[in-house]
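Structure, as structure tokens:
The sequence lines fix the lettering, A, B, ..., with proteins before strands; numbering per chain opens at 1.
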Amino acid sequence: MSVKKYSEAIRDVIAEEMRRDASVFVMGEDVADQGGIFGCTKGLLEQFGPERIRNTPISEAGFVGAGVGAASCGMRPIVELMYMDFTYVAMDQILNQAAKIRNMFGGKVSLPLVIRGQQGVGRGNAGQHSQSVESIFMHIPGLKVAMPSSPADAAGLLRSAIRMNDPVMFFEHKALYATAGEVPDDPEFMIPFGKAHVLVEGRDVTVVCNHLYVQKALNVRAKLEKEGIHMEVIDPRTLVPLDVTTVVESVKKTGRLVVVHEAHKIGGWGAELASQVQELAFRYLDAPVLRLGAKQCTLPFNLGLENAVVPQEADIEAAVKQVCYR
Amino acid sequence: MSVKKYSEAIRDVIAEEMRRDASVFVMGEDVADQGGIFGCTKGLLEQFGPERIRNTPISEAGFVGAGVGAASCGMRPIVELMYMDFTYVAMDQILNQAAKIRNMFGGKVSLPLVIRGQQGVGRGNAGQHSQSVESIFMHIPGLKVAMPSSPADAAGLLRSAIRMNDPVMFFEHKALYATAGEVPDDPEFMIPFGKAHVLVEGRDVTVVCNHLYVQKALNVRAKLEKEGIHMEVIDPRTLVPLDVTTVVESVKKTGRLVVVHEAHKIGGWGAELASQVQELAFRYLDAPVLRLGAKQCTLPFNLGLENAVVPQEADIEAAVKQVCYR
Amino acid sequence: MIPEKQQRHILETMLRIRAFEHKALQLFEQNKLRGSCHLCVGQEAIAAVICELLDDEDYITCSHRGHGYCIAKGGELKPAMAELMGKETGYCKGRGGSMHIVNMAKGHLGANAIVGGGIPIAVGGALACKLKNNGHVAVAFFGDGASNQGTFHESLNLAGVWKLPVVFVCENNGFGISVPFCQSTSVKDVSVRASGYDMPGVTVDGNDPEAVYAAAAQALERAKAGLGPTLIECKTYRWYGHWIGDPEITRDKAVTKEWKEKCPINRLKMQMIKTGNLSDKEFSEMEKAAKQEADDAAEFSLNSPEPDPATVMDDVFADRVPAII
Amino acid sequence: MIPEKQQRHILETMLRIRAFEHKALQLFEQNKLRGSCHLCVGQEAIAAVICELLDDEDYITCSHRGHGYCIAKGGELKPAMAELMGKETGYCKGRGGSMHIVNMAKGHLGANAIVGGGIPIAVGGALACKLKNNGHVAVAFFGDGASNQGTFHESLNLAGVWKLPVVFVCENNGFGISVPFCQSTSVKDVSVRASGYDMPGVTVDGNDPEAVYAAAAQALERAKAGLGPTLIECKTYRWYGHWIGDPEITRDKAVTKEWKEKCPINRLKMQMIKTGNLSDKEFSEMEKAAKQEADDAAEFSLNSPEPDPATVMDDVFADRVPAII
Ligand SMILES: Cc1ncc(C[n+]2csc(CCOP(=O)(O)OP(=O)(O)O)c2C)c(N)n1
Ligand SMILES: Cc1ncc(C[n+]2csc(CCOP(=O)(O)OP(=O)(O)O)c2C)c(N)n1
Ligand SMILES: [Mg+2]
Ligand SMILES: [Mg+2]
């Protein structure tokens with residue numbers, strides 16, 4: 001085990017996989033000399049050279065498309081988007097090409113492509129640089145979707161993603177890069193997709209969340225425990241595949257579910273999870289499934305407003321109490 | 001009242017609004033001489049000339065962006081996308097620009113822009129030309145979303161959309177263009193956004209659906225009535241705003257809800273509706289809310305496969321019976 | 001001059017493409033085939049000549065008007081026609097149809113129904129060649145309409161700045177559906193755009209196999225020498241509507257007739273006869289063989305099974321995942 | 001030659017922009033301002049000169065590096081600075097911040113944080129002018145990095161084929177964050193791309209107000225005469241990092257120093273002094289006034305209220321809709 005920052009965990013896995021497999025390479029804006037504006041490829045140019053750590057023009061559709069093409073031809077590109085908000089610029093290459101190529105071609109092509117980058121609030125980057133866009137990629141079939149919430153998850157999920165033969169949308173969070181945690185040194189350490197992480201057990205209410213909300217939920221849990229409410233906190237880790245089973249098992253025990261995410265509430269992945277759980281655990285639910293997510297407005301620049309848009313610990317607390325009828 | 005095809009209803013409203021308001025104009029691929037490949041602007045070039053019925057290059061991001069700019073400057077552009085699958089090509093202009101401009105600019109700009117076009121299955125157009133993509137636009141705040149299911153709805157909702165001071169995503173269905181129905185002749189005929197249409201009342205189970213599924217649900221209703229199951233069929237008409245109230249009132253009566261759409265089930269708008277209803281009508285539900293939507297695979301070319309992917313009448317029937325425990 | 005052996009093969013390829021297209025048209029009219037079906041009759045030289053210069057490890061992408069490329073890049077008529085019919089024996093097992101034929105074994109990365117969508121994918125193929133340093137190249141085929149897509153620009157710039165082994169081939173048939181080139185495009189020749197990426201740009205008569213051959217050979221040489229990309233514009237015309245069923249509102253029948261006079265097959269045939277490399281009889285035999293092959297492909301496809309609906313979820317992912325509801 | 005009165009106003013505008021930027025930098029370093037803050041110090045001539053040629057009914061869009069454009073297009077420093085601080089008194093009521101300043105009353109359609117995102121929007125502004133036939137124009141300002149976005153290509157083609165009254169102005173400061181222009185772009189001058197759209201393309205020294213003026217005046221005349229768009233590339237350099245806090249890994253300090261010698265303010269000042277249109281004293285007064293205005297703007301902004309979180313949902317739609325949960 002080594003203590004690493006989330007960004008270091010990502011960088012180290014990329015480096016290890018690049019050493020292990022010559023077909024792995026990186027491209028994106030400012031990934032070379034700068035090592036990515038969040039440092040996720042820092043030092044890799046020196047180790048691997050400019051062919052494999054490749055600065056791109058500001059042409060997201062073009063270089064994501066080049067990633068699709070290279071992956072079709074046996075390479076394993078890791079494409080960095082500086083902000084996942086820029087997926088929109090490359091959306092056709094992601095949703096109409098990467099997601100569909102294998103299926104539309106009758107299984108004749110595999111696409112080992114990772115598109116990774118950060119998203120979310122915390123720096124007051126305003127509307128076009130603060131979104132959490134993962135839910136869109138869950139809706140259109142053909143993409144796997146990962147969302148690591150800790151350095152270890154970042155390492156384990158990213159290695160799985162790189163070795164996977166399918167396109168993966170890999171969502172990091174800008175406010176997690178500086179958080180540190182233990183990461184296994186094993187160069188084969190992988191976390192499987194589709195296996196939720198039960199961070200802590202509890203008998204009263206299930207809270208499903210990820211990214212920044214894992215820590216926030218744990219904070220709320222510590223507080224509410226003193227009030228006699230025992231929260232079970234689950235991080236799905238991947239949205240595609242989504243480990244509904246673990247959540248349903250938990251809800252069968254607790255009878256209550258709150259889903260929390262930073263993505264907009266309306267049409268977010270919480271809606272999908274809530275719908276599945278109310279279907280699969282209907283008789284076990286003692287209260288409606290509650291969802292927390294960003295309000296339906298554009299993420300504002302002002303930090304006070306930003307905080308008013310995304311769920312806060314107090315909102316989690318209130319929702320948990322509500323489903324517990326307290 | 002006149003009997004019109006769905007495509008004619010659209011064309012006539014565009015023509016009427018263009019006569020009424022000089023700031024309304026149309027642009028899109030093949031909208032001029034050809035009148036749109038589905039005929040929704042047929043004959044308008046002759047009436048309004050090439051400045052206001054404007055053929056574009058195949059540059060969706062460019063001309064959607066031009067629509068955003070023209071709308072910012074007081075025009076009321078109607079932008080036709082030949083297939084709504086091509087929203088992906090223009091996604092940044094739709095989700096990062098059109099949707100956000102008003103809100104991000106503190107309310108200082110209004111954006112009376114309509115982006116319209118058809119989508120869906122029925123012609124075996126394969127993966128990149130058969131999607132139902134509306135749910136994505138419900139998730140990102142700032143866009144209104146309309147989905148007319150009949151010629152009258154097309155007319156009434158489109159006139160509302162054109163006169164609205166916000167960007168509207170207007171989803172037509174390719175397989176509805178040839179369907180005919182009565183449309184009011186009143187040149188002020190409008191259907192408000194956010195008001196669901198209760199097509200037929202029933203006491204046993206609520207079915208919410210739109211586009212092709214309205215007719216399919218009515219067919220199933222006729223059949224099941226004979227078996228003593230009385231379905232209430234509701235078309236939400238718009239997804240933003242979404243008339244949850246009407247659905248909740250219905251569910252309070254029936255105790256059962258099935259949501260049916262052609263969009264992919266996972267992460268589709270049915271998940272949003274199901275989540276809201278289970279929250280707002282928890283105590284009234286006698287069965288879990290069921291959702292039907294396209295399977296999580298790319299829409300296939302082969303028509304037999306296509307039918308296997310999207311819900312069929314038999315699936316609706318089965319779901320209705322399931323929630324009725326029959 | 002195209003070497004004699006290649007001349008013959010190109011002629012054969014063009015004949016096979018044409019026979020295939022005409023068979024597809026016939027089947028369509030007989031209601032035995034459906035969908036958005038874009039024929040390339042009249043444009044065969046571009047596919048036949050350029051793919052003649054490629055081998056199986058060279059990559060191509062192409063547009064919705066893709067049957068010719070599939071065949072020229074080594075595809076067989078049977079699985080191609082079966083795909084147009086949505087049969088299990090098709091190149092995509094009936095999932096893709098006319099607009100999505102793929103053939104990885106022959107380096108065909110797939111046709112694309114998004115105008116401009118395949119161009120960056122070819123750039124990625126070229127990038128793979130460069131990273132593997134295997135001496136191979138990629139070719140992106142696309143229409144004149146696609147040259148106004150952002151992906152065209154981004155792809156040419158990427159290829160230019162990275163000096164990738166790729167050739168961009170624009171089939172300029174003068175129309176994007178009903179819209180004439182001059183109404184959608186700010187320049188008279190797409191090839192002039194090459195200077196915006198510091199690469200050679202050339203316009204050739206796309207119905208002249210020799211001209212296409214010369215331009216492509218030079219571009220491929222350049223690409224393989226590590227000197228970077230080239231943009232080749234081939235002026236051509238389609239004999240039929242945009243797709244089967246197109247009312248052709250804006251096209252002048254007289255112009256179509258003129259272009260039929262410039263038939264690329266006839267042109268190469270006459271050249272070969274003139275130089276003594278082909279007899280009328282040989283030509284007739286080639287033509288007959290091509291038609292027979294197309295007939296056989298139709299027969300094969302008609303008798304092929306429909307895909308089993310139970311298999312519809314089979315090919316979503318390579319690495320299977322726990323089922324999503 | 002720039003008319004004397006305009007010279008003076010341009011100089012004033014440049015001084016106001018610079019004072020604003022330096023004040024923002026200072027406030028940032030004092031932790032009184034935050035966010036992604038892109039300064040245009042060194043590049044002021046482009047905004048100041050070109051906007052001098054526009055009136056309030058002419059439209060502009062600009063990039064993330066937008067403070068200069070806001071000011072040059074008639075914006076006031078107070079609401080501009082307040083926006084950088086996210087205050088309710090800002091141009092966007094604190095919703096937009098540095099990268100999203102808008103000022104419709106002055107024809108400023110907004111800065112854009114998506115590289116290349118504003119270019120088609122300016123084209124739409126020009127289209128509105130054309131449809132209204134009001135004799136006005138639109139100008140799109142963007143960086144060199146943006147010239148590799150698909151929207152650049154699509155916008156220039158649209159404007160070219162529709163002969164729209166629009167001018168495309170590329171501020172080529174040699175870098176997109178850490179990436180040098182030559183590493184991202186396949187041509188030496190962005191202006192050569194103009195030929196791909198059959199429009200004039202010209203490269204000028206962006207730090208030379210006279211050169212920028214001459215090029216812009218000609219382009220605007222052309223646009224207003226209905227002759228269509230022009231692409232103007234202004235070579236320039238930013239004195240500071242990409243944003244406040246940029247480690248500037250790939251920029252050479254010596255080069256920055258050279259460019260500081262080419263300060264556009266100093267250049268115009270010296271010219272005006274030489275021609276007797278300005279005294280040292282007048283300049284000092286202008287500079288002092290600009291600094292004072294920036295100080296006042298800072299003061300105003302610091303004392304302005306934060307937006308009320310209860311109002312966060314107020315500006316989503318113009319036509320209010322029943323609340324969505
Ligand atoms: C992104 C996108 N926009 C529009 C279309 C609809 N469409 C299909 S083919 C076509 C015309 C293409 O013209 P061109 O590129 O010249 O190719 P051609 O059909 O002439 O071979 C159009 C507009 C599409 N498939 N994809
Ligand atoms: C679509 C998109 N991609 C990437 C970015 C991140 N980004 C912001 S500014 C910038 C560099 C822009 O360079 P240039 O256009 O030359 O403008 P400059 O900053 O030099 O003024 C980048 C890559 C972005 N904001 N939008
Ligand atoms: Mg064409
Ligand atoms: Mg720059």
(message) Nearest 0.5 angstrom please: Tyr83(B) OH to Ile114(C) CD1, how far?
(response) 10.5 Å
(message) Using side-chain heavy atoms (C-beta onward) and a distance below 4.5 Å, is Gln128(B) in contact with Asn112(C)?
(response) yes
(message) Are the side chains of His129(B) and Met99(C) in contact, using a 4.5 Å heavy-atom criterion?
(response) yes
(message) What part of Phe86(B) gets within 4.5 angstrom of chain C, counting heavy atoms only: side chain, backbone, both, or neither?
(response) side chain
(request) Kindly indicate whether the side chain of Leu305(B), heavy atoms from C-beta on, has any atom under 4.5 Å from the side chain of Val312(C). (result) yes
(request) Mind ranking Gly35(B), Gly124(B), Gly62(B) by heavy-atom pairs under 4.5 Å with chain C and telling me who comes out on top? (result) Gly124(B)
(message) Quick one about Asn148(C) and Ser59(B) (side-chain donor to acceptor, distance below 3.5 Å, no hydrogens or angles considered), yes or no?
(response) no
(request) Please report the closest heavy-atom contact between Arg123(B) and Arg34(C), naming both atoms and the distance. (result) O-NH2, 2.8 Å
(request) Identify the two heavy atoms, one from Cys297(B) and one from Met313(C), that lie closest to each other, and give their separation to 0.1 Å. (result) CB-SD, 3.6 Å
(message) How long is the straight-line distance from CD of Gln34(B) back to CD of Glu248(C), given to the nearest 0.5 Å?
(response) 10.0 Å
(request) Measure the shortest side-chain to side-chain distance between His242(C) and Ile37(B) over non-hydrogen atoms and say whether it is less than 4.5 angstrom. (result) no
(message) Show the nearest heavy-atom pair for residues Ala308(B) and Pro309(C), with the distance to one decimal.
(response) CB-CB, 3.8 Å
(request) Measure the spacing between CG of Asp30(B) and OG of Ser184(C) and express it to the nearest 0.5 Å. (result) 9.5 Å
(message) Does any backbone or side-chain atom of Thr185(C) lie under 4.5 Å from a heavy atom of chain B? Answer side chain, backbone, both or neither.
(response) neither
(request) Please look at Val179(C) and chain B and tell me whether the side chain, the backbone, both or neither of the residue comes under 4.5 angstrom of a heavy atom of that chain. (result) both
(message) How about CD on Gln183(C), more than 12 heavy atoms from neighbouring residues, nucleotides or ligands closer than 6.0 Å, or not?
(response) yes
(message) Nearest 0.5 angstrom please: Ile58(B) CD1 to Asp144(C) CG, how far?
(response) 7.5 Å
(request) Hey, could you give me the NZ/CZ distance between Lys87(C) and Phe301(B), rounded to the nearest 0.5 Å? (result) 11.0 Å
(message) Can you confirm whether Arg95(C) sits close enough to Thr298(B) that some side-chain heavy atom of one is under 4.5 Å from a side-chain heavy atom of the other?
(response) no
(message) Report which part of Glu60(B) has an atom under 4.5 Å of a heavy atom belonging to chain C: side chain, backbone, both, or neither.
(response) both
